[in-house]
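A short worksheet on the structure shown next.
By convention in this document, chain letters (A, B, ...) are assigned in the order of the sequence lines, proteins followed by strands, and residues within each chain are numbered from 1.
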Amino acid sequence: MTQKTDFLLAGVGGQGTLLASNILAEVGLRAGYDVKKSEVHGMAQRGGSVTSHVRWAEKVYSPLIGQGEVDYLVAFERLEALRYIEQLRPGGTLLVSEHGIPPISVTAGKDQYPTTEQMIHTFDQVAGTVIWIPSIKLAEELGNARVHNIIMLGALSTQLNVEEQVWLEIIEQRVPARFIELNKKAFQRGREVVTGHQ
Amino acid sequence: MKRLLSGNEAIAYGAWESGVRVAAAYPGTPSTEILETLAPMPNVYAEWCPNEKVALDVAIGAAYAGSRAMAVMKHVGLNVAADAFFYASMTGVEAGLVIVSADDPQMHSSQNEQDNRRYAKFARVPCLEPTDSQEAKDLVGVALEISERFDTPVLLRPTTRICHSSTPVEIPEERHDSWQGPPKYRIDTTKYVMVPANARKRHPVIEERIVRLSQFAETFPYNVVEMGGTRLGIITHGAAYQYAKEVFPGDQASFLKLGMTYPLPRKLIADFAAQVDRLIVVEELDPFIEEEIRLMGIECEGKSIFPMVGELSPLIVRQCAIEAGLLPQSAQVEAVSPEKPPLPPRPPILCPGCPHRATFTVTKKLKLVVNGDIGCYTLAFLPPQEALHTCGCMGASIGVAHGIAKAGIQQRHVAAIGDSTFFHTGMPALLNVAYNQSNTITLILDNRTTAMTGHQQHPGTGKTLQMKDTIAVEFEPLVRAMGIPHVTTVDAYKIKEVETALKEALERDEPSTIIVRRECALLPEVRRTYKPLKVDRSKCIACWTCLRTGCPALRKSDEIYEKNKREKSDIDPLLCTGCELCAQVCPAEAIQFRAQLYGSEEGQEAG
């Protein structure tokens, strides 16, 4: 029940990474863990790379996870998965969105956005399990691309031993009232895509 | 009930719980959410001030008048407020006064990583440091009690990692303000009029006060000894305590956690040191605790093992401990260094629809040297704008541009400063430009909010922190009254208007100010008006002029333009706000304006 579980959430400013980490942290607290969550606000929000550390354990000291100690790396954008992959414990689980957002240097033609093959090659050297989620496509099917972050959480929830009901209650508390049903659907969709896929 | 609170939220709860009546601040990462959380709570007065010095004076006034008070700022804000900090130490207070300085090791959002524990010692003010959100909440009340008991302001110093980490906190249900009656003002000129004759009497008082505080620190409940193995003793504080506990788990070491890092308890430290074989100090930034301990004549190690620069982390503490022989090699965490393709960086950038983008497109075109200031527009120094050339601290732009002009540089220099930053410390500098007459061109980038820290109100917005209607200061009459002869206001989205105004200013050999106005595109009322534009591919000549504006909504399409074999442009409808900057710079009229796409009325209204 209180086995140590460390999550690193990575994305691009404006993608909803921080909302997802808030939900994940609350779920841990509700499930009976000591929980710490850490992120940096401010400049990083302006379209920059954003990370959030979430830790569940019987007793958590550091709000930051040590390098190579992350159990689950959840990336809302695939280049960000590549950027932080060495934070993952060897054999850990990577959940990565198929979504790609080219940084400005790529649009300007100065840098190359790494290919999916290059990414897979790198991920396989670290991760024990890699789960690709077409999160934006699924979210658009539900009518709102913004809920892709909740789809990712739904996918993550299949790997964890916390009752689905707990997740849904926290989501209900954390999203605006008119989006509750949409977000619950997104969460379910995220679960289905993994359980179907495995 | 336990809830996850960030350190900042927890400090707000602590202030409310312990009966703070007046709280004042200027927004600054990582401190901003403290007042934002406190402001809606019942029976508290909270305000944004134009700058931190004013905020601290306000809090001091409230504390003089018998109300518990709090001033909040980021670490560099205490530089602005330092004058007030020092006199408050000299005068002391009637009711409790806590000054929150949120320090920023690693400079996540700052121009330096100064260690404000130095200020505590400098001004003879006690300094408290929380290690998590629960302590952040509790230490506010403790600070106020110390403040009243010892007649001193108290510095509460969280760091970014405390401010922006969330940990479980027992939520207070009631407010303990039974200790304080109605506010009253007690006249005591010897204590509160710091003319030299009185100040000379006060100096020995504050020196004696800090000696009593160091005795108090001996039994202070937040200075905690946790005895484990005695081979190694670790003295630590703040976030560093958590990293050290993680890296030396169980009984591997004994700990002395300092909740008060100035002044230090001599006997407690000596007794702890005597019980361990090797004494180390794990602290972030300066060797502050280490130096104090050495001054006591106690041997310890600190910065010979751990870095003085940047934020600590479990990784850094572990690596340094292994290198110093404090941990065996086997303590190394097994990690993989995978083969990776080169990673394009993803720095923060000006948002789609940012009203600053056109301004810097123009200053770049005119090859102007721009002295920048603190705000989102500082990002214009990065590619693709690369149009901002100095940035030091809040309010620096105008003085620096004036100084460059006075140094005899013929090329015209421009100062670019945001609306909130102008009110903060830009005003005296602009007054100086007028008074001492340089031909400095000042651009007030008026996006109608304090954008970088997340949209706080300021004297130009017409609302207070607690959302009361108030005056909205107008820049044009203000700047004219300060003696600037040439003042114009332009729409930040109209690139030609900006260019014309700048060229006009360049022709005049006199001080001039251009107010470049347009609401921040992230404000909720602006978000409702987004209307994405489209590229007419049949007209696009793949010149990429639009891409060079650096707008994240612009990208290359899959379609190739036959003549130059390059990809034609495309617009991401999810990101585009419809600001029309790209449409204005497009030489082929390939990007359609709002009016063309949505009909004139709707397009113009939103535009």
Side-chain angles (χ1 to χ4, degrees), chain A residues 12-14 22 25-26 28-29 34-49 53 60-69 77 79-80 82-83 85-90 101-115 118-119 121-126 145, chain B residues 2-4 6 29-30 32-33 106 108-109 132 160-162 164-168 239 241-247 249 313-315 318 333-352 376 379 382-384 452-454 544 547-548 550 552 554-556 574:
Chain A
V12 177
N22 285 340
E26 290 285 351
L29 194 67
D34 185 19
V35 171
K36 286 189 180 177
K37 173 179 81 88
S38 191
E39 66 229 357
V40 170
H41 315 179
M43 290 193 84
Q45 287 179 326
R46 302 284 176 262
S49 170
H53 297 236
V60 182
Y61 287 107
S62 167
L64 291 177
I65 310 162
Q67 181 157 0
E69 296 183 62
E77 197 277 346
L79 172 61
E80 297 312 304
L82 193 61
R83 198 182 305 283
I85 187 68
E86 53 274 88
Q87 303 288 330
L88 193 64
R89 165 171 66 71
I101 303 174
I104 203 88
S105 60
V106 172
T107 317
K110 284 185 188 151
D111 290 323
Q112 289 277 321
Y113 193 89
T115 64
Q118 286 174 313
M119 290 185 183
H121 175 69
T122 304
F123 295 159
D124 286 347
Q125 293 168 58
V126 186
Chain B
K2 275 205 171 181
R3 267 185 55 195
L4 277 175
S6 70
T29 312
T32 312
E33 299 85 359
Q106 198 66 30
H108 293 287
S109 258
D132 61 17
T160 302
R161 203 50 72 181
I162 300 296
H164 287 172
S165 291
S166 296
T167 73
Y241 164 79
Q242 305 290 2
Y243 308 144
K245 287 294 277 192
E246 171 124 353
V247 172
S313 68
L315 174 72
R318 185 181 301 278
V333 174
E334 183 207 348
V336 182
S337 302
E339 224 178 277
K340 264 191 185 185
L343 290 184
R346 198 187 297 277
I349 41 175
L350 296 176
C351 306
C376 297
L379 297 173
L382 289 168
M452 183 60 120
T453 42
W544 297 352
L547 295 179
R548 280 191 289 274
L554 285 155
R555 57 193 183 188
K556 291 171 196 163
L574 284 179

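In this structure, the side chains of A/Ser38 and B/His164 stay at 4.5 Å or more apart for every pair of heavy atoms. Counting heavy atoms from C-beta outward, B/Pro383 and A/Ile104 have side chains that stay 4.5 Å or more apart. At a threshold of 4.5 Å between non-hydrogen side-chain atoms, the residues A/Ser62 and B/Tyr241 do not count as touching. Taking 4.5 Å as the limit, some side-chain heavy atom of B/Pro345 sits within range of a side-chain heavy atom of A/Asp111. Here the side chains of A/Lys36 and B/Ser166 are not in contact, with every heavy-atom distance at 4.5 Å or above. When side chains are defined from C-beta on, A/Pro102 does not count as touching B/Arg555, because their heavy atoms never get closer than 4.5 Å. Taking the side chain as every heavy atom from C-beta outward, A/Val35 and B/Thr167 never approach each other to under 4.5 Å.
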- request: Check step by step if side chain to side chain contact (heavy atoms under 4.5 Å, CB included) holds for A/Glu86 and B/Ser337.
  value: CA-CA 6 Å; A/Glu86 53 274 88; B/Ser337 302; over 6 Å; no

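For chain B, the nearby part of A/Ala108 is the backbone; its heavy atoms alone come within less than 4.5 Å. Of the atoms belonging to B/Arg548, not a single heavy atom falls under 4.5 Å from chain A. Residue A/Leu88: no heavy atom, backbone or side chain, is found under 4.5 Å from chain B.
Remark: A/Asp34 engages no residue in a side-chain hydrogen bond (donor to acceptor under 3.5 Å, both in side chains) (not counting sequence neighbours).
Shown here for A/Gln118 and B/Pro341, the closest heavy-atom pair between the two residues is NE2-CB, 3.6 Å. Listed here is the closest heavy atom pair of A/Gly68 and B/Ala335: CA-CB, 4.5 Å. Shortest non-hydrogen contact noted between B/Lys556 and A/Thr107 is CE-O, 3.0 Å.
Between the side chain of B/Lys340 and the backbone N or O of A/Ile85 there is no donor-acceptor pair closer than 3.5 Å.
A/Thr122 contributes atom OG1, which lies 7.0 Å from atom CD of B/Glu339 (distance to the nearest 0.5 angstrom). Rounded to the nearest 0.5 angstrom, A/Ile65 CD1 and B/Ser313 OG are separated by 12.0 Å.
By number of non-hydrogen pairs under 4.5 angstrom with chain A, the leading residue of B/Gly550, B/Pro344, B/Pro314, B/Pro249 is B/Pro344.
For the pair A/Arg89 and B/Glu334, the salt-bridge criterion is not met [side-chain N within less than 4.0 Å of a carboxylate O]. Checked for salt-bridge contact, A/Glu80 and B/Arg346 meet the test: a charged N lies under 4.0 Å from a carboxylate O.
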